[in-house]
Amino acid sequence: MSTETSSPDRRVAVVTGASSGIGAATARTLAAQGFHVVIGARRTDRLESLAAEIGATARPLDVTDDASVAAFCDGLDSVDVLVNNAGGAKGLAPVAEADLDDWRWMYETNVLGTLRLTRALLPALEASGDGLVVTITSIAALEAYDNGAGYTSAKHAQGVLHRTLRYELLGKPIRLTEIAPGMVETEFSLVRFDGDKEKADAVYDGLTPLTADDVAEVIGFVASRPPHVDLDLIVLKPRDQASARRNIKTG
Ligand code: 8X3
């Protein structure tokens, strides 16, 4: 893994789940804005090639593992931006048929993963004098929908964890922004449907979803606001989607 250290005059941004999708696009955007970006994910081959492309520091990271998080955060003494992006959905099952392993995975990655990283880096974010925590939740953090309770409840919990910090950190130099996207064409549906590409593609067929770059651009805007401006919650959806379960295909 590349372990280059940042120069003292560059602001540091940490992005989790950065091997693809919104995480990778955000790392590119923040690097282009002049941040020294520290990227983490489990798929280290992809991470390395992204690091080489944008001049980032790549470190292996499994947000579900305490030791991995501790090793990832080791030596990060001053951090300006943390983007909690790692997460995802598994399955689309009614509560009556809930798969406990899927639920555990969703709580571990979305909720406890965000908790582990944020807790570990709060001192470094405060030390920067103008820290920013961006947490990527979902419109599933704001609505419930049938067959989605494992994901919607995990995303609600992640959102509440993030929003609680807005109160607990009041008076400290740390801003908090929750980004709640609707449909974004990434590997999200491929993971949800356990690698079934046909099912995943069908989700986005017949409408125009957001791209990872659309979301990254918004995060870049958030990260470039002056220190007194806190964009608390940003909900972004494609024009073709009105809610998690209503889009131009469902009517
Ligand atoms: C996923 C949001 O609208 O694709 O986080 O279900 S949606």
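Keep in mind that this is a model prediction, so the values were computed, not measured. All ligand and atom numbering here is 1-based and tracks the order in the structure.
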Residue G182 vicinity, atoms of ligand 1 by number, heavy atom under 4.0 Å
2 (C), 3 (O)
Atoms of ligand 1 less than 4.0 Å from Y145 heavy atoms?
6 (O)
Check R59 with D74, please: is the shortest side-chain N to carboxylate O separation under 4.0 Å?
no
Any N/O of T137 closer than 3.5 Å to an N/O of ligand 1?
no
Only one of K197, R192, R46 forms a salt bridge (charged side-chain N to carboxylate O under 4.0 Å, His left out) with E187, so which one is it?
R46
In terms of residue, atom name and distance, what is the protein heavy atom nearest to atom 3 (O) of ligand 1?
Q241 NE2, 2.8 Å
May I ask you to list the atoms of ligand 1 that are less than 4.0 angstrom from any heavy atom of S138?
1 (C), 2 (C), 5 (O)
Enclosure of R245 CZ (heavy-atom neighbours >12, cutoff 6.0 Å)
yes
Check R246 with E143, please: is the shortest side-chain N to carboxylate O separation under 4.0 Å?
no
So, R116 and E108, do they make that salt bridge, N to O below 4.0 Å?
yes
Give the atom numbers and elements of ligand 1 that come within less than 4.0 Å of a heavy atom of I139.
3 (O)
